[in-house]
Student: 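Pasting in a structure now, in structure tokens, and then I'll have a few things to ask.
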There are 2 protein chains.
Amino acid sequence: MEALTIHEAAETSGWTPRMLRYIERIGLIETARTEAGYRQYGPGELQRLRTLRELLADHEIGLGDVAFALRLRRDEALSGAVDSWLEAEPQRPEAVSADEWLRWEQEKHARIIAALTTNETMETAA
Amino acid sequence: MEALTIHEAAETSGWTPRMLRYIERIGLIETARTEAGYRQYGPGELQRLRTLRELLADHEIGLGDVAFALRLRRDEALSGAVDSWLEAEPQRPEAVSADEWLRWEQEKHARIIAALTTNETMETAA
DNA sequence: TCAACCTTGACACAGCTTTGATAAGGTTGA
DNA sequence: TCAACCTTATCAAAGCTGTGTCAAGGTTGA
């Protein structure tokens, strides 16, 4: 046995063994395993475990947030979709073209219909 | 009044008025307001509300995740910290230099001390 | 051999998130 | 004027997250 066991790693990193398993489960920090399946923590993992604590404390974020950030950087399609949603600044009423506003200037029910129609042209068919 | 009210927007976008307020509260999609403070939804907002639904459904993420992604892109310090944590691949036991391993090869208590020492040097020179 | 580890899985609980409902009060338009 | 909206604030319930603890069983080393 060369590296620290989960209890030793917990002791030195400030997490509990339970949390070390949880952190692994959500995809942050995987460890090598011994033949028998025991987790092995080396200096690199210990370092990451400590900086992880700092990261959470310094920015008031949770493990789930870091896990989501990881997912974002691994799933190209996801990050693309999220980014393009975030980038698309909404066109406020003020920013809409004049004749689009003509259509918009209707009484309530007609406006709703118009909105639906506008949308269908925008996204094939909802 | 030119744009849709919150109930109309809810009706056409598939959210509830409650959720529209919630979505605004967590920082996604802010709307213009009338003099009296009524929210105004234009075509842009409606589009974003619909694509938001798709985004969540397509990738099985939550509103909180999108809010966190927004926070990431607004808070440079946060995204930098998260990114550098994610980028720092842990050096596995196998990847550690030979003489570092000499120190590592001790009985349990000494190993823990060694781990702490190793970490201190790593933190200053990470 | 056997105490002291390790593993996974399950039950449990506090606290936060997401969502609805309801209340008290202002706005709007026929 | 008054019904039907809107606003914010609050109470509440369902669900998820983070965490502990325990059980059943395998591993290790003195």
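Lettering of chains follows the sequences in order, A, B, ..., and the numbering in each one begins at 1.
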Student: My understanding is that a pair needs two contacts under 3.5 Å, Watson-Crick or G-U wobble. By that rule, which nucleotide pairs with C:dA12?
Tutor: D:dT19
Student: Starting at the 5' end of DNA chain C, which residue's closest nucleotide do you reach first, B:E35 or B:G64?
Tutor: B:G64
Student: Check this for me: does the side-chain of B:Y22 come within 3.5 Å of the base of C:dG20 through a donor and an acceptor?
Tutor: no
Student: Please pick, from C:dT8, C:dG20, D:dT8, the nucleotide with the shortest atom-to-atom distance to any side-chain atom of B:M19.
Tutor: C:dG20
Student: In this structure, how many angstroms lie between the P atom of D:dC16 and the CZ atom of A:R25, rounded?
Tutor: 13 Å
Student: Does the structure show a Watson-Crick or G-U wobble partner for D:dA30, both distances under 3.5 Å? Name it, or say none.
Tutor: C:dT1
Student: I'd like to know if A:E45 and A:R39 make a salt bridge, using a cut-off of under 4.0 Å between side-chain N and carboxylate O.
Tutor: no
Student: Check this for me: B:R73, atom CZ, are more than 12 non-hydrogen atoms of other residues, nucleotides or ligands nearer than 6.0 Å?
Tutor: yes
Student: Categorize A:R33 for me: base, sugar-phosphate, or nothing, with a 4.0 angstrom heavy-atom threshold over every strand shown.
Tutor: sugar-phosphate
Student: Using atom CG of A:L20 as one end and atom C1' of D:dT19 as the other, report the distance to the nearest whole Å.
Tutor: 13 Å
Student: What is the pairing partner of C:dG20, taking Watson-Crick or G-U wobble pairs with both distances under 3.5 Å in any strand?
Tutor: D:dC11
Student: Figure out the CG/P separation between A:L63 and D:dG18, and round it to whole Å.
Tutor: 5 Å
Student: Can B:L56 and B:D65 be said to form a side chain to side chain contact (heavy atoms under 4.5 Å, CB included), step by step?
Tutor: CA-CA 9 Å; B:L56 301 192; B:D65 293 325; over 6 Å; no
Student: So which nucleotide from C:dT28, D:dT19, C:dC5 ends up closest to the side chain of B:A36?
Tutor: C:dT28
Student: Take atom CZ of B:R71 and atom P of C:dT17, then tell me their distance rounded to the nearest Å.
Tutor: 12 Å
Student: Given D:dT19, D:dT8, D:dT28, which nucleotide is nearest the side-chain atoms of B:R21?
Tutor: D:dT8
Student: Could you tell me how far apart B:R39 (CZ) and C:dG26 (C1') are, to the nearest whole angstrom?
Tutor: 14 Å
Student: Is it the case that over 12 heavy atoms from other parts of the model lie below 6.0 angstrom from the CZ atom of A:R33?
Tutor: yes
Student: Is a donor-acceptor pair below 3.5 Å formed from side chain A:R18 to base D:dT21, judging by atom type as modelled?
Tutor: yes
Student: Over how many whole Å does the gap from A:I6 atom CD1 to D:dG26 atom P extend?
Tutor: 20 Å
Student: Nearest of C:dT7, C:dG20, D:dG20 to any side-chain atom of B:T16?
Tutor: C:dG20
Student: Rounded to the nearest 0.5 Å, how far apart are OG1 of A:T31 and CG of A:L20?
Tutor: 8.5 Å
Student: Taking CH2 from A:W15 and P from D:dT19, how many angstroms apart are they, rounded to a whole number?
Tutor: 6 Å
Student: Taking CD1 from B:I61 and P from C:dT17, how many angstroms apart are they, rounded to a whole number?
Tutor: 17 Å
